[in-house]
Amino acid sequence: MPLRVYNTLSGKKEEFKPLVPGKVGMYVCGVTVYDYCHIGHARANIVFDIVYRYLQYSNYDVTYVRNYTDVDDKIIARANERGISSQELSEEFIRAFDEDMAALGLRTPTHEPKATAYIAEIIALVEQLIAKGMAYESEGDVYYSVDNFPSYLKLSKRNMEEMLAGARISPGELKRNPMDFALWKAAKPGEPSWESPWGAGRPGWHIECSAMSSSLLGETFDIHGGGRDLIFPHHENEIAQSEGVSGKPFVKYWLHNGFVNVNQEKMSKSLGNFFTIRDILKRYDPEVVRFFILTAHYRSPIDFSDQNLEESRIGLTRFYEALAHLDKVLARLDTVTEQGPVAEALAEPVERLVRLEERFRSAMDDDFNTAQAIGHMFDAVRAINRILAEENEPHGQLLTILSKGHDDLIRLGEVLGLFGSDPAAWLARSAQEGLADSGLSEADIEALIVERREARANRDFARADRIRDELADKGVLLLDSPEGTTWKMK
RNA sequence: GGCCCCGUCGCCAAGUGGUAAGGCAGAGGUCUGCAACACCUUUAUCAGCAGUUCGAAUCUGCUCGGGGCCUCCA
């Protein structure tokens, strides 16, 4: 089944056919580096990390470009507040962004250009737009003339007359049409600036993405991504700029991810429900955050809440517990034993396990449906648990299937950036973190386990149960097994 | 005002014409000294109404409810 993607431009799912067979050029709008990234940035970047990974898994040679916008009004304002240069500020937050993305386990894009490294290309684009009559200079500023680009608003599907009628657009005196937007801004005192044919100035927002994408991916490329909120004006303006210069289609497929709400409310600074990635990672494992984000489809809104994150933690734990169990079994048994038939009773779970990759692909091929893909992986986990519950010593063909199922789960998990940790280590760390709230130490628990073991040996079950109940009150669950007693956090 | 999206089991969440994935929680069962874990079984006709169709959660219209964009924003 071919990959199908939802294209904002057409409003439909379309079969994905790259311009050059086997190769994909993909550009994702990164961040304006003036502050720490929040959970919304985390989602956008994780979503396109998965697009990147899945295309690579599908054997495409992907060139992934994600930029830093390091020249902008907000950067200048923030730098002035702090009494440092724009460059110092943006470098600080580029570093912070890189740390956050690394913590979230993102693959590094092929190119991570900075806007300020493309000033010459930006100026060249603006000059071409002026030469083609698509832009005009006005007192040191240069504006894009939207009236000269007939398909303006084709991405956001808006109506020029109605937008002009809206009271929220104030006509700028330097603009011919209030909808015209700045390509180049004349420098004000104290602002970072570069020499240009129109005097000292700096790029407007939008033009840097046109410059960087065409420099690194060409005039036309396959995928352009970003958050929904970028559709207008940012992406609309990128189309106007790039197509205004080249006269060719700018991007084949436009992909936009949905928002993150917090406790059912739009996340915003004024509501005070604004979470930075670093705040969140103090409370949640990065893989839990990633798992949470991927359990919803990328275009749906997603609600960030403690309850939802907690459920994701439990769900991810289920995977690691199954993998840890499987690791133990596989380590104990020799997988190259003779082939033997699989018990009839296990045909169904075996089938589910064997078909995991096929089902995973069909989910992902349907517009990167990670939620469904994870559903199929849960099915595989249940199959593994079922097999292990019924067969203490799997052998022959069954063992081969389990071994392959394990490898598939790890390999497909990697496409989603999941299950990359050693299961036993991950579970141990998770238990440690949970322990912090209980007031108990590992040694305390071990001592109580020994005490209870003695009580059970003496058939003093009342005392044994009392110990278990006391631990349970503190969130510690005891798990008895033939190999002894272990514990985990509730 | 314009444009767009959403409303699926107690909660989260897939499914966009062929008869409702998955997770959490719940109930019953197997296992257990009793539990826990795991496994098995079990729990929805898809906001409402009216249409189109052999057939709709999926298409159309209307109603109700929620949200987004139109200004910086992932």
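Side-chain atoms are counted along with the backbone in the values below, which use heavy atoms only and exclude waters and symmetry mates.
Nucleic acid contact class of A/Asp465 (heavy atoms, under 4.0 Å, all strands): base.
Within 3.5 Å, no donor on the side chain of A/Arg43 pairs with an acceptor on the base of B/rA74, nor the reverse. Looking at A/Arg382, its side chain has no donor and acceptor atom pair within 3.5 Å of the base of B/rG22. Applying the 3.5 Å distance criterion, the base of B/rC40 shares no donor-acceptor pair with the side chain of A/Arg386.
By the stacking rule of 5.5 Å between ring centres and under 30° between planes, A/Phe378 does not stack on the base of B/rG22.
Between A/Asp72 atom CG and B/rC72 atom P the separation is 10 Å, expressed in whole Å. Rounded to an integer number of Å, the gap from A/Ile314 CD1 to B/rA13 P is 16 Å.
Note on A/Arg299: every side-chain N or O is 4.0 Å or more away from OP1 and OP2 of B/rG68.
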Tabulated below should be each protein N or O lying under 3.5 Å from an N or O of nucleotides 15-17 of chain B; please produce it.
residue : atom : partner  : partner atom : Å
B/rG15  : OP1  : A/Asn369 : ND2          : 2.8

With the criterion being N/O to N/O and under 3.5 Å, what pairs connect the protein with nucleotides 3-10 of chain B, and how long is each?
residue : atom : partner  : partner atom : Å
B/rC3   : O2'  : A/Lys157 : O            : 3.4

Show your reasoning for whether ring pair (Phe, Tyr, Trp, His ring centres under 6.0 Å) applies to A/Phe275 and A/His38. CA-CA 5 Å; A/Phe275 291 110; A/His38 54 64; over 10 Å; no
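Of the N and O atoms on the side chains of A/Tyr298 and A/Asp367, at least one donor lies less than 3.5 Å from an acceptor on the other residue.
Closest approach to the A/Glu321 side chain among B/rA38, B/rA21, B/rC72 is made by B/rA38 (side chain taken as heavy atoms from C-beta onward).
Separation of the C1' atoms belonging to B/rC5 and B/rU42 is 35 Å when rounded to the nearest angstrom.
Because its NZ or CZ atom is not both nearer than 6.0 Å to the ring centre of A/Tyr6 and within 45° of the ring axis, A/Lys12 does not count as a cation-pi partner of that residue.
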